[in-house]
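For reference, the structure discussed in these notes is given below.
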Amino acid sequence: TRIERAEVTEDNRVGVFEDCTNLAGITLPRYLEYIDRHTFRCSSDLGNVWIPYTTNEIGHHAFSAQGSTPTLNAIIFEDNSNLKTLSRGIFKDRINLRNIKFGEGLEKIESFAFESCYALKYINLPTSLKEIQKYSFINCINIEEIYIYENVTMIEAEAFSGCDNEMRLYTKADRVN
């Protein structure tokens, strides 16, 4: 099924594509500013998702896969993004998510944002990032390398809890406390 245009109103905007099991990919419009909570929750075949720089807010669990077949391979955030925060549980349980290209402008990753994203191996965080909250990458069991830059001032306890692999942390900061 191909949806050329969805009519979204105040009354139907939360979870508008929730549980769409045959949604075979999405192209978000260039001017998009807001993605409400649960918008694509449990939508199974999203493939690759490109987030335009104009997007300034994405609600919690917007792309989570709780209880569905979680086909989402890559997330690409456009550079110079207006999006400052990745919300709680935004990509939770997307077990096939392999690639993330973070756009510059992102400042905070909230708790459980990437919970149980088992296919993640390499993460290169943007230089604009300042905060990684607790459990942000909980149970991402295959992370091998993560790159963190000097603007990160807070990584809360257990941000990488359950990451069983021997993860290598690379930083360009002058020191790590």
Side-chain angles (χ1 to χ4, degrees), residues 28 30 32-41 46-66 70 72-177:
L28 299 173
R30 178 67 138 166
L32 184 69
E33 294 180 8
Y34 179 70
I35 299 172
D36 212 331
R37 67 188 185 276
H38 296 223
T39 298
F40 297 100
R41 183 176 177 262
L46 294 178
N48 299 334
V49 175
W50 173 79
I51 309 289
Y53 77 93
T54 54
T55 305
N56 57 39
E57 186 176 350
I58 301 176
H60 67 83
H61 295 90
F63 292 93
S64 69
Q66 297 159 310
L72 177 60
N73 301 319
I75 300 292
I76 301 160
F77 293 92
E78 193 172 23
D79 276 337
N80 300 313
S81 176
N82 292 330
L83 185 65
K84 302 296 181 208
T85 300
L86 285 184
S87 299
R88 176 176 40 93
I90 189 170
F91 300 112
K92 182 181 187 298
D93 296 327
R94 287 294 178 171
I95 62 173
N96 294 318
L97 180 59
R98 293 183 182 343
N99 299 307
I100 305 167
K101 181 191 177 286
F102 292 100
E104 289 300 325
L106 181 67
E107 295 178 359
K108 179 168 67 172
I109 299 175
E110 289 187 352
S111 298
F112 305 102
F114 294 96
E115 178 182 354
S116 300
C117 290
Y118 300 141
L120 282 179
K121 288 188 175 191
Y122 307 100
I123 300 170
N124 191 0
L125 296 169
T127 58
S128 57
L129 190 69
K130 297 177 181 175
E131 179 181 342
I132 303 172
Q133 290 187 346
K134 65 183 176 184
Y135 311 123
S136 292
F137 293 91
I138 188 171
N139 296 330
C140 292
I141 58 176
N142 290 307
I143 292 178
E144 294 178 10
E145 296 179 0
I146 187 160
Y147 294 84
I148 299 176
Y149 296 90
E150 61 270 3
N151 287 335
V152 174
T153 57
M154 181 169 56
I155 300 174
E156 290 186 4
E158 301 189 52
F160 299 94
S161 178
C163 296
D164 298 335
N165 221 0
E166 291 188 26
M167 184 174 63
R168 291 180 298 281
L169 175 66
Y170 298 95
T171 180
K172 291 194 175 188
D174 291 334
R175 69 176 187 199
V176 177
N177 293 330

Residues 72-82 vs salt bridge (Lys or Arg N to Asp or Glu O under 4.0 Å), sequence neighbours excluded, gives R30-E78, D79-K101

Report yes if some heavy atom in the side chain of E144 is under 4.5 Å from a heavy atom in the side chain of E166; otherwise report no.
no

L32 and P52 have their tightest heavy-atom pair at CB-CG, 4.2 Å

Of the non-hydrogen atoms in S128 and L106, which two are nearest, and what is the gap between them?
OG-O, 2.7 Å

Look only at the side chain of S116 and the backbone of D93, and say whether a donor-acceptor pair between them is shorter than 3.5 Å.
no

With a cut-off of 3.5 Å and sequence neighbours excluded, list every side-chain donor-acceptor pair involving residues 81-88.
unit_1	atom_1	unit_2	atom_2	d
S81	OG	L83	N	2.9
N82	ND2	Y53	O	3.3
S87	OG	I58	O	2.4

In terms of relative ring orientation, are Y147 and Y170 parallel, tilted or perpendicular, with 30° and 60° separating the classes?
parallel

May I ask you to test the I75-N99 pair for a side-chain heavy-atom distance under 4.5 Å?
no

Taking side chain as C-beta onward, heavy atoms only, is I35 less than 4.5 Å from L28?
yes

Can you measure from CD1 (I146) to CG (L169) and round to the nearest 0.5 angstrom?
7.0 Å

Enumerate donor-acceptor pairs with a distance under 3.5 Å from any side-chain N or O in residues 135-143 to protein atoms, sequence neighbours excluded.
unit_1	atom_1	unit_2	atom_2	d
S136	OG	I109	O	3.3
S136	OG	E110	O	3.2
S136	OG	Q133	N	3.3
S136	OG	Q133	O	2.6
N142	ND2	Y118	O	2.8

Please verify the inter-ring angle class for F102 with F114; under 30° counts as parallel, over 60° as perpendicular, anything in between as tilted.
perpendicular

Contact check, side chains of I132 and L125, non-hydrogen atoms, under 4.5 Å:
yes

I'd like a table of donor-acceptor pairs (distance under 3.5 Å, sequence neighbours excluded) in which one partner is a side-chain atom from residues 153-163, with atom names and distances.
unit_1	atom_1	unit_2	atom_2	d
T153	OG1	K130	O	3.4
E156	OE1	K134	N	3.0

Tell me, do L129 and Y149 make a side-chain contact under 4.5 Å, heavy atoms counted?
no

Student check: side-chain heavy atoms of I51 and I76 closer than 4.5 Å
no

Nearest 0.5 Å, what's the CD1-CG distance between I100 and L120?
4.5 Å

N/O donor-acceptor pair under 3.5 Å between N73 side chain and L97 backbone
no

Going by heavy atoms in the side chains, are V49 and F63 under 4.5 Å from each other?
yes

Could you walk me through whether E33 and T55 pass side chain to side chain donor-acceptor pair (under 3.5 Å), step by step?
CA-CA 4 Å; E33 294 180 8; T55 305; over 6 Å; no

By salt bridge (charged side-chain N to carboxylate O under 4.0 Å, His left out), E57 pairs with (sequence neighbours left out) none

Between H61 and K92, is there a side-chain heavy-atom distance shorter than 4.5 Å?
yes

Shortest non-hydrogen contact between F91 and C117, atoms and distance
O-SG, 3.2 Å

Residue list, ring pair (Phe, Tyr, Trp, His ring centres under 6.0 Å) with Y122, at least two apart or on another chain
none

Calculate, to the nearest 0.5 Å, the distance between atoms CD1 and CD1 belonging to I123 and I148 respectively.
9.0 Å

